[in-house]
J.: 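Got a structure here, written out as structure tokens. Questions coming.
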Amino acid sequence: MKYKLLAIDLDGTLLNEQSEIDVENIEAIHEFRQKGGRVVICSGRSPLSTRWIANTIGLKGEPIIAYNGAIMLDESGEISEQSFFQEDHLLNFWELCEGESIYAHFYEGDTLLVPRVTKWNENWIERNILTLEKTGGRRDELEQFRGQCQVKVVEDLYQYVKSQQPKITKIAVFNEQGSLADFSRVIAEKVEGLEVSSSLNYLNLEISPSGVSKASTLVKLSEKYAIPISQMAAIGDNYNDSLMLRAAGLGIAMGNAPEEVKKWADVVTGKNDEAGVAQAIRRYLLE
């Protein structure tokens with residue numbers, strides 16, 4: 001086959017608008033694997049969330065990329081590599097958020113650190129570990145995964161970071177006033193050590209440690225499995241997928257992606273509610 005590995009985003013890509021995975025997508029993924037291809041989930045979601053989805057669709061035995069590349073899970077689902085924010089970068093960022101009255105929450109492993117309860121973190125465990133009822137998720141396994149997640153209210157994040165020295169791997173930023181594109185530029189000007197992207201057309205920001213991205217993980221996977229990046233394909237739908245789509249030998253944008261993201265890709269497939277992943281695999285990869 002021309003392409004030996006496929007990196008797949010989740011939200012807006014493999015997951016449909018009901019947060020389920022169409023059977024056509026699952027079947028196409030396994031057709032590609034049966035021909036010798038590797039399939040790697042590459043998502044901004046947490047390690048537990050990505051593992052739960054991989055297990056449900058039968059992707060055990062494949063590596064997983066979580067938190068946009070900050071955490072890599074090996075074939076057995078154990079953390080093989082992770083990147084953290086430096087303390088001074090984290091504190092500088094939090095001071096900027098406080099000064100601009102911008103809400104942010106922080107991911108410490110599978111624990112969500114929040115300054116207060118808001119609509120952006122309510123029911124986070126349920127939204128993090130999806131039900132996947134129509135996809136085939138088992139209730140007992142679902143509850144087991146959800147039981148390993150936690151939301152912790154930290155009113156004084158500055159002091160918490162100073163005293164506890166948490167290993168933060170991702171930050172998410174939200175705002176009532178709409179687009180955060182301007183704030184992303186302020187971050188770039190005033191805070192070092194951060195990689196800023198968005199998965200909701202700048203209605204949110206996803207922030208990783210410097211040098212961490214979905215694209216950087218393709219390089220690591222290339223080295224680990226001796227697969228040239230030119231023989232990798234990647235499929236995604238949003239701005240945090242853009243570098244990955246450009247880095248891969250074949251970058252595939254979803255039909256529901258913003259027009260700018262489509263321009264960065266080599267080809268465009270159907271929407272996430274049209275089993276666009278299956279369309280792409282069968283059209284471009286099963287050769």
Side-chain angles (χ1 to χ4, degrees), residues 3-16 18-82 107 109-110 124-149 169-170 199 214 217-218 220-221 224-225 227 232-238 240-241 244 248 252 254 272 275-278 280-281 285:
Y3 301 104
K4 296 179 171 60
L5 184 146
L6 173 62
I8 305 181
D9 170 55
L10 290 177
D11 292 275
T13 301
L14 188 59
L15 291 165
N16 61 27
Q18 289 73 47
S19 294
E20 298 278 357
I21 302 174
D22 294 319
V23 66
E24 295 95 329
N25 287 338
I26 300 172
E27 291 172 349
I29 283 170
H30 288 291
E31 287 173 26
F32 179 64
R33 295 182 76 208
Q34 287 163 9
K35 287 182 174 288
R38 304 206 69 148
V39 176
V40 178
I41 288 175
C42 200
S43 172
R45 284 181 169 269
S46 75
L48 278 173
S49 180
T50 50
R51 272 183 54 209
W52 161 242
I53 291 170
N55 289 0
T56 301
I57 64 174
L59 272 184
K60 292 182 180 180
E62 296 282 19
I64 294 172
I65 305 304
Y67 288 152
N68 291 326
I71 291 182
M72 183 182 292
L73 305 180
D74 63 19
E75 292 84 350
S76 62
E78 299 298 321
I79 294 176
S80 61
E81 190 171 333
Q82 53 188 327
Y107 299 80
D110 286 289
W124 176 76
I125 292 176
E126 291 76 15
R127 289 185 283 111
N128 183 44
I129 309 297
L130 301 168
T131 303
L132 298 180
E133 183 177 0
K134 295 179 181 178
T135 304
R138 289 176 46 185
R139 173 60 64 172
D140 58 335
E141 290 187 8
L142 171 70
E143 296 306 325
Q144 181 184 4
F145 272 83
R146 285 182 173 175
Q148 298 176 70
C149 300
T169 48
K170 178 185 169 182
S199 62
K214 292 183 179 182
T217 63
L218 292 188
K220 294 175 182 177
L221 291 174
K224 181 175 182 178
Y225 296 114
I227 300 174
M232 293 182 174
I235 182 165
D237 75 302
N238 227 310
N240 63 338
D241 299 311
M244 177 176 75
I252 307 167
M254 297 296 293
N272 64 323
V277 169
I281 290 173
L285 303 186

J.: Could you tell me if the side chain of S49 sits less than 4.5 Å from the side chain of I129, heavy atoms only?
T.: yes
J.: Just so I know, are the side chains of R127 and S19 near enough to count as touching, which here means a heavy-atom distance under 4.5 Å?
T.: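 The answer is no; the side chains never approach within 4.5 Å.
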J.: Heavy atoms only: give me the nearest A66-S46 pair and the separation to one decimal.
T.: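 Closest approach of A66 to S46, heavy atoms only: CB-C, 3.9 Å.
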J.: Just one of D237, N25, N272 clears the side chain to side chain donor-acceptor pair (under 3.5 Å) bar with T13, so which one?
T.: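 Answer to the side chain to side chain donor-acceptor pair (under 3.5 Å) test with T13 among D237, N25, N272: D237.
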J.: Minimum heavy-atom separation for Q148 to L48, with atom names?
T.: CB-CD1, 3.4 Å
J.: Kindly write out the residues that satisfy salt bridge (charged side-chain N to carboxylate O under 4.0 Å, His left out) with R33, not counting sequence neighbours, or none if the list is empty.
T.: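 So R33 forms a salt bridge (charged side-chain N to carboxylate O under 4.0 Å, His left out) with E62.
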J.: How long is the gap from CG on D22 to CG on N16, to the nearest 0.5 Å?
T.: 4.5 Å
J.: Please examine the side chains of I65 and I41, heavy atoms only from C-beta on, and report whether any two atoms are closer than 4.5 Å.
T.: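 Side chain of I41 against side chain of I65, heavy atoms only: no contact under 4.5 Å found.
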J.: Could you check if a side-chain atom of T135 sits within less than 4.5 angstrom of a side-chain atom of L130, using non-hydrogen atoms only?
T.: no
J.: Output, in order, the C-alpha distance, side-chain angles, deciding distance and verdict of side chain to side chain contact (heavy atoms under 4.5 Å, CB included) for I235 and L6.
T.: CA-CA 8 Å; I235 182 165; L6 173 62; 4.1 Å; yes
J.: Look at R139 together with E143 and state whether they make a salt bridge at an N to O cut-off of under 4.0 Å.
T.: yes
J.: Sequence neighbours left out, what pairs pass salt bridge (Lys or Arg N to Asp or Glu O under 4.0 Å) with at least one residue falling in residues 42-52?
T.: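 Sorted pair list: D11-R45.
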J.: Quick one: list whatever passes salt bridge (charged side-chain N to carboxylate O under 4.0 Å, His left out) with K134, sequence neighbours left out.
T.: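 Result, salt bridge (charged side-chain N to carboxylate O under 4.0 Å, His left out) vs K134: none returned.
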J.: Rounded at 0.5 Å granularity, tell me how far CE in M232 sits from CE in M244.
T.: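 Between M232 CE and M244 CE, I get 11.5 Å after rounding to 0.5 Å.
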J.: Please assess T131 against R146 for the test side chain to side chain contact (heavy atoms under 4.5 Å, CB included), listing each intermediate value before the final yes or no.
T.: CA-CA 10 Å; T131 303; R146 285 182 173 175; 3.4 Å; yes
J.: Testing the basics here: between I57 and H30, what is the closest heavy-atom pair and its distance to 0.1 Å?
T.: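 That closest heavy-atom pairing would be O-NE2, 2.7 Å.
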J.: With sequence neighbours left out, what residues match E78 under salt bridge (charged side-chain N to carboxylate O under 4.0 Å, His left out)?
T.: none
J.: Which ring pair (Phe, Tyr, Trp, His ring centres under 6.0 Å) pairs, counting each pair once, include a residue from residues 49-69, with sequence neighbours left out?
T.: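 Qualifying pairs, neighbours excluded: W52-F145, Y67-Y107.
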J.: Would you find more than 12 non-hydrogen atoms of other residues, nucleotides or ligands less than 6.0 Å from E27 atom CD?
T.: yes
J.: Which residues pass the side-chain hydrogen bond (donor to acceptor under 3.5 Å, both in side chains) test with K214, sequence neighbours left out?
T.: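 Once residues adjacent in sequence are excluded, the partners of K214 under the side-chain hydrogen bond (donor to acceptor under 3.5 Å, both in side chains) criterion are D9, D241.
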J.: Can you confirm whether L142 sits close enough to L132 that some side-chain heavy atom of one is under 4.5 Å from a side-chain heavy atom of the other?
T.: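 Result no, sub-4.5 Å side-chain heavy-atom pair not found.
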J.: About how many Å separate CE of M72 and CD1 of I64, when rounded to the nearest 0.5 Å?
T.: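 If I round to the nearest 0.5 Å, the distance is 11.5 Å.
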J.: Given side chains that start at C-beta, do those of I29 and I281 come closer than 4.5 Å, heavy atoms only?
T.: yes
